[in-house]
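See structure below.
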Amino acid sequence: MGSKKLQVWLPVLFALVMVIGMSIGYQLREKSLGNRFFNLSRRTSLQELVELIKGKYVDKVSADSINQLAANELLSHLDPHSVYIPADHLKEVNEELQGNFQGIGVEFQMLEDTVHVMHVIEGGPSDKAGLKVGDKMLTVDDSVVIAGRNLKPDDIRKQLRGPMDTRVKVKVLRGAITKEVVITRDVIPVSPVDAAYMIAPGTGYIRINKFAERTYEAFMQNTEKLQKQGMKQMILDLRGNGGGLMKEATDIADEFLSGDKLIVYTVGEHVPRFEYRCKRDGIFETGKLEVLIDEGSASASEVLAGALQDWDRATIIGRRSFGKGLVQQQFQLSDGSAVRLTIARYYSPLGRNIQKPYSKGKAEYEEELAERFHNGEVVKGDTSKPSGKAYKTPAGRTVYGGGGITPDVFVPFDTTHMEPELVKMYYKGTIGNFVYQYYMQNQHYFDAMKSATQLADSFIPGEKEWSGLAGYARRDTVDLARVSAKGKADVLKRIQVLMARQIWRSEGYFEVSNRRDETVQKALEGLK
(Lines give C-alpha, C1' and ligand atoms only; values in the text may rest on other atoms or scores of the structure.)
Protein backbone atom coordinates (compact mmCIF):
# COMPACT_ATOMS: atom_id res chain seq x y z
CA MET A 1 0.00 0.00 0.00
CA GLY A 2 2.83 2.38 0.89
CA SER A 3 4.52 1.92 -2.49
CA LYS A 4 1.26 2.65 -4.32
CA LYS A 5 0.84 5.89 -2.39
CA LEU A 6 4.40 6.83 -3.27
CA GLN A 7 3.70 6.21 -6.97
CA VAL A 8 0.72 8.52 -6.79
CA TRP A 9 2.30 11.35 -4.79
CA LEU A 10 5.89 11.35 -6.04
CA PRO A 11 5.12 13.02 -9.42
CA VAL A 12 2.98 15.59 -7.63
CA LEU A 13 5.76 16.38 -5.17
CA PHE A 14 8.24 16.74 -8.05
CA ALA A 15 5.83 19.07 -9.79
CA LEU A 16 5.27 21.12 -6.62
CA VAL A 17 9.00 21.60 -6.15
CA MET A 18 9.31 22.67 -9.79
CA VAL A 19 6.50 25.22 -9.53
CA ILE A 20 7.83 26.73 -6.28
CA GLY A 21 11.32 27.00 -7.72
CA MET A 22 10.11 28.71 -10.87
CA SER A 23 7.94 31.16 -8.97
CA ILE A 24 10.81 32.58 -6.86
CA GLY A 25 11.87 35.99 -8.08
CA TYR A 26 9.24 36.34 -10.82
CA GLN A 27 6.29 38.65 -11.19
CA LEU A 28 3.45 38.50 -13.66
CA ARG A 29 4.41 40.54 -16.70
CA GLU A 30 2.31 42.07 -19.44
CA LYS A 31 3.84 39.77 -22.04
CA SER A 32 4.77 36.16 -21.67
CA LEU A 33 8.31 36.04 -23.08
CA GLY A 34 11.86 36.56 -21.92
CA ASN A 35 12.10 35.11 -18.40
CA ARG A 36 14.99 32.89 -17.40
CA PHE A 37 14.81 30.01 -14.94
CA PHE A 38 16.39 30.56 -11.48
CA ASN A 39 19.50 28.39 -11.31
CA LEU A 40 19.99 26.43 -8.08
CA SER A 41 23.54 25.70 -6.95
CA ARG A 42 22.64 22.43 -5.22
CA ARG A 43 21.89 19.37 -7.32
CA THR A 44 18.61 17.61 -6.71
CA SER A 45 18.10 13.86 -6.69
CA LEU A 46 16.26 14.24 -10.00
CA GLN A 47 19.34 15.88 -11.56
CA GLU A 48 21.53 13.12 -10.16
CA LEU A 49 19.23 10.47 -11.65
CA VAL A 50 19.36 12.11 -15.11
CA GLU A 51 23.18 12.28 -14.97
CA LEU A 52 23.33 8.67 -13.83
CA ILE A 53 21.27 7.53 -16.85
CA LYS A 54 23.44 9.58 -19.19
CA GLY A 55 26.68 8.18 -17.77
CA LYS A 56 25.87 4.59 -16.81
CA TYR A 57 22.87 3.29 -18.75
CA VAL A 58 23.48 0.22 -20.95
CA ASP A 59 22.33 1.89 -24.20
CA LYS A 60 22.94 5.34 -25.65
CA VAL A 61 20.17 7.76 -24.71
CA SER A 62 19.87 11.30 -26.06
CA ALA A 63 20.24 13.91 -23.32
CA ASP A 64 17.51 16.00 -24.96
CA SER A 65 15.08 13.09 -24.95
CA ILE A 66 15.73 12.44 -21.23
CA ASN A 67 15.13 16.09 -20.35
CA GLN A 68 11.98 16.27 -22.45
CA LEU A 69 10.61 13.03 -21.00
CA ALA A 70 11.20 14.18 -17.43
CA ALA A 71 9.74 17.63 -18.06
CA ASN A 72 6.66 16.28 -19.83
CA GLU A 73 6.02 13.78 -17.03
CA LEU A 74 6.24 16.50 -14.37
CA LEU A 75 4.05 18.96 -16.23
CA SER A 76 1.43 16.32 -17.07
CA HIS A 77 0.51 16.23 -13.36
CA LEU A 78 -0.19 19.98 -13.21
CA ASP A 79 -2.68 21.20 -15.82
CA PRO A 80 -3.26 20.71 -19.58
CA HIS A 81 -1.61 23.99 -20.63
CA SER A 82 1.77 23.89 -18.85
CA VAL A 83 4.15 22.65 -21.57
CA TYR A 84 7.84 22.03 -22.15
CA ILE A 85 9.29 23.51 -25.36
CA PRO A 86 12.48 21.83 -26.69
CA ALA A 87 15.25 24.17 -27.78
CA ASP A 88 14.89 23.22 -31.46
CA HIS A 89 11.19 24.20 -31.42
CA LEU A 90 11.49 27.39 -29.41
CA LYS A 91 12.18 29.77 -32.29
CA GLU A 92 9.13 28.58 -34.20
CA VAL A 93 6.93 28.87 -31.10
CA ASN A 94 8.13 32.39 -30.36
CA GLU A 95 7.62 33.47 -33.97
CA GLU A 96 3.96 32.51 -33.59
CA LEU A 97 3.53 35.02 -30.76
CA GLN A 98 5.76 37.65 -32.36
CA GLY A 99 3.60 37.61 -35.49
CA ASN A 100 6.48 37.44 -37.96
CA PHE A 101 9.29 35.28 -39.29
CA GLN A 102 12.36 35.77 -41.47
CA GLY A 103 12.15 34.47 -45.02
CA ILE A 104 11.40 35.36 -48.65
CA GLY A 105 7.66 36.08 -48.48
CA VAL A 106 5.87 33.49 -50.64
CA GLU A 107 3.23 30.80 -50.33
CA PHE A 108 4.00 27.63 -52.26
CA GLN A 109 2.47 24.26 -53.01
CA MET A 110 3.99 21.00 -54.24
CA LEU A 111 2.13 19.91 -57.40
CA GLU A 112 3.31 16.82 -59.30
CA ASP A 113 6.80 16.95 -57.75
CA THR A 114 7.20 20.65 -58.58
CA VAL A 115 7.13 23.61 -56.19
CA HIS A 116 4.65 26.20 -57.51
CA VAL A 117 4.59 29.77 -56.22
CA MET A 118 0.94 30.24 -55.20
CA HIS A 119 1.22 33.75 -53.78
CA VAL A 120 3.84 36.49 -53.48
CA ILE A 121 3.43 38.87 -50.54
CA GLU A 122 3.07 42.40 -51.87
CA GLY A 123 6.12 44.51 -51.02
CA GLY A 124 7.98 41.49 -49.62
CA PRO A 125 11.47 40.24 -50.59
CA SER A 126 10.26 37.96 -53.40
CA ASP A 127 8.01 40.66 -54.83
CA LYS A 128 10.94 43.10 -54.88
CA ALA A 129 13.12 40.46 -56.56
CA GLY A 130 10.55 39.87 -59.31
CA LEU A 131 9.13 36.44 -58.36
CA LYS A 132 5.66 35.81 -59.86
CA VAL A 133 2.63 33.66 -59.05
CA GLY A 134 2.91 30.54 -61.20
CA ASP A 135 6.72 30.37 -61.14
CA LYS A 136 8.00 26.82 -60.69
CA MET A 137 11.04 26.52 -58.42
CA LEU A 138 13.85 24.31 -59.74
CA THR A 139 16.90 24.85 -57.51
CA VAL A 140 17.98 26.82 -54.44
CA ASP A 141 21.51 28.26 -54.38
CA ASP A 142 22.46 26.13 -57.43
CA SER A 143 23.25 23.00 -55.40
CA VAL A 144 19.84 22.13 -53.88
CA VAL A 145 17.47 20.62 -56.43
CA ILE A 146 13.82 20.89 -55.34
CA ALA A 147 12.09 20.06 -58.65
CA GLY A 148 11.26 16.44 -59.42
CA ARG A 149 11.57 15.41 -55.78
CA ASN A 150 8.71 14.63 -53.43
CA LEU A 151 9.87 16.96 -50.67
CA LYS A 152 7.89 17.82 -47.56
CA PRO A 153 6.84 21.47 -47.06
CA ASP A 154 9.10 21.81 -43.99
CA ASP A 155 12.10 20.68 -46.05
CA ILE A 156 11.40 23.40 -48.60
CA ARG A 157 10.88 26.06 -45.93
CA LYS A 158 14.25 25.22 -44.38
CA GLN A 159 15.92 25.96 -47.73
CA LEU A 160 14.06 29.23 -48.29
CA ARG A 161 13.97 30.72 -44.79
CA GLY A 162 17.00 32.23 -43.13
CA PRO A 163 18.34 35.23 -41.21
CA MET A 164 17.39 38.73 -42.27
CA ASP A 165 19.63 40.36 -44.95
CA THR A 166 21.04 37.02 -46.17
CA ARG A 167 20.62 36.20 -49.85
CA VAL A 168 19.23 33.13 -51.56
CA LYS A 169 19.35 32.39 -55.29
CA VAL A 170 16.35 30.58 -56.72
CA LYS A 171 16.14 29.20 -60.25
CA VAL A 172 12.55 29.18 -61.55
CA LEU A 173 10.71 28.11 -64.68
CA ARG A 174 8.33 30.81 -65.92
CA GLY A 175 6.38 29.44 -68.85
CA ALA A 176 9.12 28.03 -71.09
CA ILE A 177 11.84 30.38 -69.81
CA THR A 178 14.30 29.60 -67.00
CA LYS A 179 15.20 32.56 -64.79
CA GLU A 180 17.48 33.09 -61.80
CA VAL A 181 16.15 35.31 -59.03
CA VAL A 182 18.29 36.56 -56.13
CA ILE A 183 16.20 37.30 -53.06
CA THR A 184 17.36 39.14 -49.93
CA ARG A 185 15.57 37.68 -46.92
CA ASP A 186 13.69 39.99 -44.61
CA VAL A 187 11.20 39.98 -41.73
CA ILE A 188 7.85 38.74 -43.05
CA PRO A 189 4.89 40.02 -41.03
CA VAL A 190 2.01 37.58 -40.54
CA SER A 191 -1.16 39.59 -40.18
CA PRO A 192 -3.31 38.73 -37.14
CA VAL A 193 -6.29 40.25 -38.97
CA ASP A 194 -7.70 37.95 -41.65
CA ALA A 195 -10.19 40.45 -43.01
CA ALA A 196 -11.48 43.97 -42.37
CA TYR A 197 -14.09 45.41 -44.74
CA MET A 198 -17.52 47.03 -44.93
CA ILE A 199 -19.88 44.06 -44.96
CA ALA A 200 -23.01 46.24 -45.21
CA PRO A 201 -23.76 49.98 -45.29
CA GLY A 202 -22.60 51.38 -41.96
CA THR A 203 -21.42 47.95 -40.73
CA GLY A 204 -17.78 46.87 -40.55
CA TYR A 205 -16.45 43.32 -40.20
CA ILE A 206 -13.10 42.50 -38.57
CA ARG A 207 -11.77 38.97 -38.13
CA ILE A 208 -8.83 38.43 -35.75
CA ASN A 209 -7.05 35.05 -35.98
CA LYS A 210 -4.71 35.38 -32.97
CA PHE A 211 -3.45 37.78 -30.31
CA ALA A 212 0.21 38.25 -31.22
CA GLU A 213 2.52 41.16 -30.47
CA ARG A 214 0.99 43.56 -33.04
CA THR A 215 -2.66 42.49 -32.97
CA TYR A 216 -3.83 45.62 -31.16
CA GLU A 217 -1.96 47.82 -33.61
CA ALA A 218 -3.50 45.99 -36.59
CA PHE A 219 -6.96 46.21 -35.02
CA MET A 220 -6.64 49.97 -34.56
CA GLN A 221 -5.41 50.53 -38.11
CA ASN A 222 -8.28 48.55 -39.58
CA THR A 223 -10.90 50.11 -37.30
CA GLU A 224 -9.78 53.60 -38.28
CA LYS A 225 -9.86 52.59 -41.95
CA LEU A 226 -13.44 51.32 -41.66
CA GLN A 227 -14.59 54.36 -39.70
CA LYS A 228 -13.39 56.54 -42.55
CA GLN A 229 -15.60 54.40 -44.79
CA GLY A 230 -18.63 55.11 -42.62
CA MET A 231 -18.61 52.29 -40.04
CA LYS A 232 -21.13 52.92 -37.24
CA GLN A 233 -21.52 49.31 -36.01
CA MET A 234 -19.18 46.33 -35.99
CA ILE A 235 -19.04 42.54 -36.25
CA LEU A 236 -15.90 41.25 -34.49
CA ASP A 237 -15.15 37.65 -35.51
CA LEU A 238 -13.12 35.63 -32.97
CA ARG A 239 -14.13 32.17 -34.20
CA GLY A 240 -11.21 29.75 -34.22
CA ASN A 241 -8.98 32.28 -32.42
CA GLY A 242 -7.01 30.21 -29.91
CA GLY A 243 -5.73 33.22 -27.97
CA GLY A 244 -2.18 34.46 -27.41
CA LEU A 245 -1.01 37.51 -25.49
CA MET A 246 -3.54 38.74 -22.94
CA LYS A 247 -2.36 42.36 -23.11
CA GLU A 248 -3.27 42.55 -26.80
CA ALA A 249 -6.81 41.38 -25.98
CA THR A 250 -7.22 43.76 -23.02
CA ASP A 251 -5.98 46.72 -25.09
CA ILE A 252 -8.67 45.95 -27.67
CA ALA A 253 -11.31 45.59 -24.93
CA ASP A 254 -10.28 49.07 -23.73
CA GLU A 255 -11.31 50.46 -27.12
CA PHE A 256 -14.88 49.18 -26.63
CA LEU A 257 -15.40 49.96 -22.91
CA SER A 258 -15.69 53.38 -21.28
CA GLY A 259 -14.34 54.86 -18.05
CA ASP A 260 -11.97 52.81 -15.93
CA LYS A 261 -13.98 49.59 -16.15
CA LEU A 262 -12.33 46.36 -15.04
CA ILE A 263 -11.52 44.15 -18.06
CA VAL A 264 -10.04 41.09 -16.36
CA TYR A 265 -7.99 40.22 -13.30
CA THR A 266 -5.49 37.43 -12.65
CA VAL A 267 -4.44 35.74 -9.44
CA GLY A 268 -2.46 32.62 -8.53
CA GLU A 269 -1.01 30.89 -5.47
CA HIS A 270 2.29 32.74 -5.92
CA VAL A 271 1.05 35.68 -7.99
CA PRO A 272 -0.90 38.53 -6.36
CA ARG A 273 -4.07 39.87 -7.91
CA PHE A 274 -3.37 41.98 -10.97
CA GLU A 275 -6.11 44.01 -12.64
CA TYR A 276 -6.36 45.08 -16.28
CA ARG A 277 -8.54 48.20 -16.42
CA CYS A 278 -9.57 50.65 -19.11
CA LYS A 279 -7.13 53.55 -19.20
CA ARG A 280 -7.99 55.57 -22.30
CA ASP A 281 -10.92 56.83 -24.34
CA GLY A 282 -11.87 54.04 -26.75
CA ILE A 283 -12.15 54.25 -30.50
CA PHE A 284 -15.49 52.39 -30.56
CA GLU A 285 -17.26 52.83 -27.22
CA THR A 286 -20.82 53.47 -28.42
CA GLY A 287 -21.59 51.78 -31.75
CA LYS A 288 -23.50 48.48 -31.85
CA LEU A 289 -21.13 45.52 -31.46
CA GLU A 290 -21.61 41.81 -32.09
CA VAL A 291 -18.87 39.27 -31.31
CA LEU A 292 -18.72 35.86 -33.00
CA ILE A 293 -17.27 32.88 -31.09
CA ASP A 294 -17.20 29.10 -31.37
CA GLU A 295 -15.60 26.08 -29.70
CA GLY A 296 -12.22 27.14 -31.17
CA SER A 297 -12.26 30.54 -29.43
CA ALA A 298 -9.99 30.26 -26.39
CA SER A 299 -7.93 32.07 -23.78
CA ALA A 300 -7.39 35.72 -24.78
CA SER A 301 -10.43 35.49 -27.08
CA GLU A 302 -12.50 34.50 -24.07
CA VAL A 303 -11.02 37.35 -22.02
CA LEU A 304 -12.21 39.83 -24.64
CA ALA A 305 -15.63 38.24 -25.21
CA GLY A 306 -16.18 37.76 -21.47
CA ALA A 307 -15.43 41.39 -20.62
CA LEU A 308 -17.78 42.67 -23.33
CA GLN A 309 -20.52 40.27 -22.22
CA ASP A 310 -20.14 41.09 -18.52
CA TRP A 311 -20.53 44.82 -19.20
CA ASP A 312 -23.46 44.29 -21.64
CA ARG A 313 -21.33 45.99 -24.30
CA ALA A 314 -21.75 43.35 -27.03
CA THR A 315 -24.06 40.56 -28.12
CA ILE A 316 -22.12 37.28 -28.25
CA ILE A 317 -23.19 35.05 -31.16
CA GLY A 318 -22.22 31.48 -32.06
CA ARG A 319 -21.41 28.49 -29.86
CA ARG A 320 -19.86 27.98 -26.43
CA SER A 321 -16.16 28.82 -26.42
CA PHE A 322 -13.32 26.43 -25.51
CA GLY A 323 -13.07 27.18 -21.78
CA LYS A 324 -9.44 28.13 -21.02
CA GLY A 325 -9.10 30.41 -18.00
CA LEU A 326 -5.43 29.81 -17.13
CA VAL A 327 -2.51 32.20 -17.61
CA GLN A 328 0.88 30.92 -18.78
CA GLN A 329 4.28 32.56 -18.45
CA GLN A 330 7.29 31.40 -20.43
CA PHE A 331 10.54 30.65 -18.57
CA GLN A 332 13.86 30.16 -20.36
CA LEU A 333 15.92 27.12 -19.29
CA SER A 334 19.71 26.94 -19.32
CA ASP A 335 19.96 24.44 -22.21
CA GLY A 336 18.04 26.70 -24.61
CA SER A 337 14.67 25.06 -24.04
CA ALA A 338 11.77 26.69 -22.21
CA VAL A 339 8.72 25.89 -20.16
CA ARG A 340 5.39 27.65 -20.49
CA LEU A 341 4.03 27.34 -16.97
CA THR A 342 0.53 28.14 -15.69
CA ILE A 343 0.99 30.74 -12.95
CA ALA A 344 -2.49 32.20 -12.48
CA ARG A 345 -6.17 32.01 -13.32
CA TYR A 346 -8.00 34.87 -14.95
CA TYR A 347 -11.41 36.16 -13.95
CA SER A 348 -13.90 38.27 -15.90
CA PRO A 349 -15.18 41.58 -14.45
CA LEU A 350 -18.04 39.75 -12.70
CA GLY A 351 -15.59 37.26 -11.18
CA ARG A 352 -16.18 34.42 -13.63
CA ASN A 353 -13.39 31.93 -14.25
CA ILE A 354 -14.36 30.16 -17.46
CA GLN A 355 -11.77 27.36 -17.19
CA LYS A 356 -13.43 24.01 -17.84
CA PRO A 357 -12.59 21.14 -15.43
CA TYR A 358 -9.38 19.16 -15.94
CA SER A 359 -9.27 17.07 -12.76
CA LYS A 360 -9.91 13.83 -14.67
CA GLY A 361 -6.71 14.12 -16.69
CA LYS A 362 -5.45 15.61 -19.92
CA ALA A 363 -6.93 12.96 -22.22
CA GLU A 364 -10.50 13.54 -21.03
CA TYR A 365 -9.90 17.30 -21.05
CA GLU A 366 -8.89 17.19 -24.71
CA GLU A 367 -11.86 14.96 -25.59
CA GLU A 368 -14.36 17.43 -24.11
CA LEU A 369 -14.83 19.20 -27.46
CA ALA A 370 -15.63 15.92 -29.18
CA GLU A 371 -18.15 15.19 -26.44
CA ARG A 372 -20.02 18.38 -27.35
CA PHE A 373 -20.62 16.90 -30.79
CA HIS A 374 -21.60 13.49 -29.40
CA ASN A 375 -24.13 14.88 -26.91
CA GLY A 376 -25.68 17.22 -29.50
CA GLU A 377 -24.73 20.49 -27.83
CA VAL A 378 -23.28 22.03 -31.00
CA VAL A 379 -26.56 21.33 -32.81
CA LYS A 380 -28.98 22.23 -30.01
CA GLY A 381 -27.61 24.89 -27.71
CA ASP A 382 -29.79 23.91 -24.77
CA THR A 383 -28.75 20.23 -24.75
CA SER A 384 -25.98 20.84 -22.20
CA LYS A 385 -27.11 23.33 -19.57
CA PRO A 386 -24.35 25.52 -18.02
CA SER A 387 -23.27 23.92 -14.76
CA GLY A 388 -21.07 26.70 -13.39
CA LYS A 389 -21.98 29.49 -10.99
CA ALA A 390 -24.52 32.02 -12.29
CA TYR A 391 -23.78 35.77 -12.36
CA LYS A 392 -25.91 38.80 -13.19
CA THR A 393 -24.73 41.52 -15.59
CA PRO A 394 -25.60 45.20 -14.93
CA ALA A 395 -28.51 44.80 -17.38
CA GLY A 396 -29.80 41.76 -15.50
CA ARG A 397 -28.70 39.05 -17.92
CA THR A 398 -27.54 35.73 -16.47
CA VAL A 399 -24.07 34.50 -17.43
CA TYR A 400 -22.12 31.52 -16.14
CA GLY A 401 -18.61 30.67 -14.98
CA GLY A 402 -16.74 27.46 -15.80
CA GLY A 403 -16.72 25.78 -19.19
CA GLY A 404 -16.28 28.70 -21.56
CA ILE A 405 -18.33 31.70 -22.68
CA THR A 406 -21.95 30.78 -23.50
CA PRO A 407 -23.25 32.97 -26.36
CA ASP A 408 -26.32 35.17 -26.09
CA VAL A 409 -27.47 33.98 -29.51
CA PHE A 410 -26.82 30.34 -30.42
CA VAL A 411 -25.99 29.27 -34.00
CA PRO A 412 -25.80 25.50 -34.57
CA PHE A 413 -22.91 23.72 -36.19
CA ASP A 414 -23.63 22.52 -39.73
CA THR A 415 -23.70 18.74 -39.32
CA THR A 416 -24.66 17.99 -42.92
CA HIS A 417 -23.03 14.71 -43.88
CA MET A 418 -20.26 15.13 -46.46
CA GLU A 419 -20.06 12.46 -49.12
CA PRO A 420 -16.97 10.20 -49.03
CA GLU A 421 -15.53 11.34 -52.37
CA LEU A 422 -15.78 14.99 -51.30
CA VAL A 423 -14.06 14.22 -48.01
CA LYS A 424 -11.30 12.53 -50.00
CA MET A 425 -11.04 15.50 -52.38
CA TYR A 426 -10.73 18.07 -49.56
CA TYR A 427 -8.29 15.88 -47.63
CA LYS A 428 -5.98 15.62 -50.64
CA GLY A 429 -6.19 19.34 -51.41
CA THR A 430 -7.46 18.54 -54.90
CA ILE A 431 -9.93 21.41 -55.14
CA GLY A 432 -7.41 24.02 -54.00
CA ASN A 433 -4.85 22.83 -56.53
CA PHE A 434 -7.51 22.84 -59.28
CA VAL A 435 -8.47 26.43 -58.45
CA TYR A 436 -4.82 27.51 -58.73
CA GLN A 437 -4.44 25.78 -62.12
CA TYR A 438 -7.74 27.28 -63.32
CA TYR A 439 -6.58 30.73 -62.27
CA MET A 440 -3.29 30.35 -64.17
CA GLN A 441 -5.18 29.25 -67.31
CA ASN A 442 -7.55 32.25 -67.08
CA GLN A 443 -5.29 34.78 -65.44
CA HIS A 444 -6.16 37.69 -67.71
CA TYR A 445 -9.89 37.25 -67.01
CA PHE A 446 -9.46 37.14 -63.24
CA ASP A 447 -6.82 39.87 -63.02
CA ALA A 448 -9.26 42.27 -64.68
CA MET A 449 -11.54 42.00 -61.62
CA LYS A 450 -11.13 44.85 -59.18
CA SER A 451 -12.54 43.28 -56.02
CA ALA A 452 -13.80 40.10 -54.38
CA THR A 453 -17.31 41.53 -54.56
CA GLN A 454 -17.01 41.82 -58.34
CA LEU A 455 -15.78 38.23 -58.51
CA ALA A 456 -18.69 36.99 -56.39
CA ASP A 457 -21.16 38.76 -58.68
CA SER A 458 -19.63 37.80 -62.03
CA PHE A 459 -17.78 34.48 -61.60
CA ILE A 460 -20.49 31.88 -60.99
CA PRO A 461 -18.91 28.41 -61.38
CA GLY A 462 -21.07 25.99 -63.39
CA GLU A 463 -20.83 22.94 -65.65
CA LYS A 464 -17.57 24.07 -67.26
CA GLU A 465 -15.80 24.30 -63.89
CA TRP A 466 -17.42 21.10 -62.61
CA SER A 467 -16.25 19.15 -65.66
CA GLY A 468 -12.75 20.56 -65.29
CA LEU A 469 -12.63 19.68 -61.59
CA ALA A 470 -13.95 16.16 -62.21
CA GLY A 471 -11.21 15.50 -64.77
CA TYR A 472 -8.54 16.97 -62.50
CA ALA A 473 -9.82 14.95 -59.52
CA ARG A 474 -9.53 11.66 -61.41
CA ARG A 475 -5.75 12.13 -61.40
CA ASP A 476 -5.99 12.11 -57.59
CA THR A 477 -8.14 8.97 -57.74
CA VAL A 478 -11.22 10.97 -56.73
CA ASP A 479 -14.42 10.07 -58.61
CA LEU A 480 -17.02 12.85 -58.57
CA ALA A 481 -19.47 11.06 -60.86
CA ARG A 482 -21.76 9.92 -58.03
CA VAL A 483 -21.74 13.15 -55.99
CA SER A 484 -25.28 14.36 -55.20
CA ALA A 485 -26.78 17.56 -56.60
CA LYS A 486 -26.43 19.25 -53.21
CA GLY A 487 -22.80 18.14 -52.91
CA LYS A 488 -22.10 19.48 -56.39
CA ALA A 489 -23.71 22.83 -55.58
CA ASP A 490 -21.62 23.14 -52.42
CA VAL A 491 -18.42 22.37 -54.33
CA LEU A 492 -19.18 24.99 -56.98
CA LYS A 493 -19.68 27.59 -54.26
CA ARG A 494 -16.39 26.46 -52.76
CA ILE A 495 -14.61 27.04 -56.07
CA GLN A 496 -15.79 30.64 -56.05
CA VAL A 497 -14.60 31.19 -52.47
CA LEU A 498 -11.18 29.62 -53.11
CA MET A 499 -10.72 31.69 -56.26
CA ALA A 500 -11.27 34.81 -54.14
CA ARG A 501 -8.60 33.52 -51.78
CA GLN A 502 -6.22 32.77 -54.65
CA ILE A 503 -6.38 36.41 -55.77
CA TRP A 504 -6.98 38.39 -52.55
CA ARG A 505 -5.91 35.86 -49.90
CA SER A 506 -7.84 35.74 -46.61
CA GLU A 507 -9.52 39.12 -47.15
CA GLY A 508 -11.10 37.92 -50.38
CA TYR A 509 -11.92 34.53 -48.91
CA PHE A 510 -14.03 36.00 -46.10
CA GLU A 511 -15.64 38.67 -48.25
CA VAL A 512 -17.12 35.93 -50.42
CA SER A 513 -17.67 33.15 -47.85
CA ASN A 514 -19.42 35.48 -45.39
CA ARG A 515 -22.23 35.91 -47.87
CA ARG A 516 -23.38 32.39 -46.99
CA ASP A 517 -22.04 32.13 -43.44
CA GLU A 518 -24.98 31.47 -41.11
CA THR A 519 -23.35 33.04 -38.04
CA VAL A 520 -22.38 36.20 -39.92
CA GLN A 521 -25.87 36.47 -41.40
CA LYS A 522 -27.37 36.07 -37.92
CA ALA A 523 -25.18 38.95 -36.72
CA LEU A 524 -26.29 41.14 -39.63
CA GLU A 525 -29.93 40.45 -38.77
CA GLY A 526 -29.31 41.55 -35.19
CA LEU A 527 -27.79 44.84 -36.34
CA LYS A 528 -30.76 45.87 -38.48
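The closest side-chain donor-acceptor pair between Glu255 and Thr223, if any, does not fall under 3.5 angstrom. Checking Arg320 against Thr406 by side-chain atom types alone, no donor-acceptor pair falls below 3.5 Å. Side chains of Asn209 and Asn241: a donor-acceptor N/O pair is absent below 3.5 angstrom, by distance only. Residues Arg340 and Gln328 bring no donor and acceptor atom of their side chains to less than 3.5 Å of each other. Between Thr477 and Lys428, the side chains place a donor N or O and an acceptor N or O closer than 3.5 Å (distance only, hydrogens not considered). A donor atom on one side chain and an acceptor atom on the other are found under 3.5 Å apart for Tyr438 and Glu465. In this model, no donor atom of one side chain and acceptor atom of the other lie less than 3.5 Å apart for Asp476 and Tyr427. There is no side-chain donor-acceptor pair under 3.5 Å between Tyr436 and His119. Between the side chains of Gln309 and Asp408, at least one donor N or O lies within less than 3.5 Å of an accepting N or O.
How far CG of Asn375 is from CD of Glu368: 8.5 Å, rounded to the nearest 0.5 Å.
Considering all non-hydrogen atoms of both residues, Thr203 and Gln233 come closest at OG1-NE2, 2.9 Å. Of all heavy-atom pairs between Val145 and Leu151, the closest is O-CD1, 4.4 Å.
Screening Asn514, Ile317, Leu524 for a side chain to side chain contact (heavy atoms under 4.5 Å, CB included) with Thr519, the sole residue that qualifies is Ile317. Leu480 pairs with exactly one of Val491, Leu469, Thr430 by the side chain to side chain contact (heavy atoms under 4.5 Å, CB included) rule, that one being Leu469.
Salt-bridge check for Arg239 with Asp294: failed, with every basic side-chain N at 4.0 Å or more from each acidic carboxylate O.
Taking the six-membered ring where the residue is Trp, Phe373 and Phe413 present perpendicular rings, their angle passing 60° and hence far from 30°. Classification of the Phe446-Tyr439 ring pair by plane angle, with boundaries at 30° and 60°, yields tilted.
Between the Lys450 side chain and the Leu455 main chain, no donor and acceptor come within less than 3.5 Å of each other.
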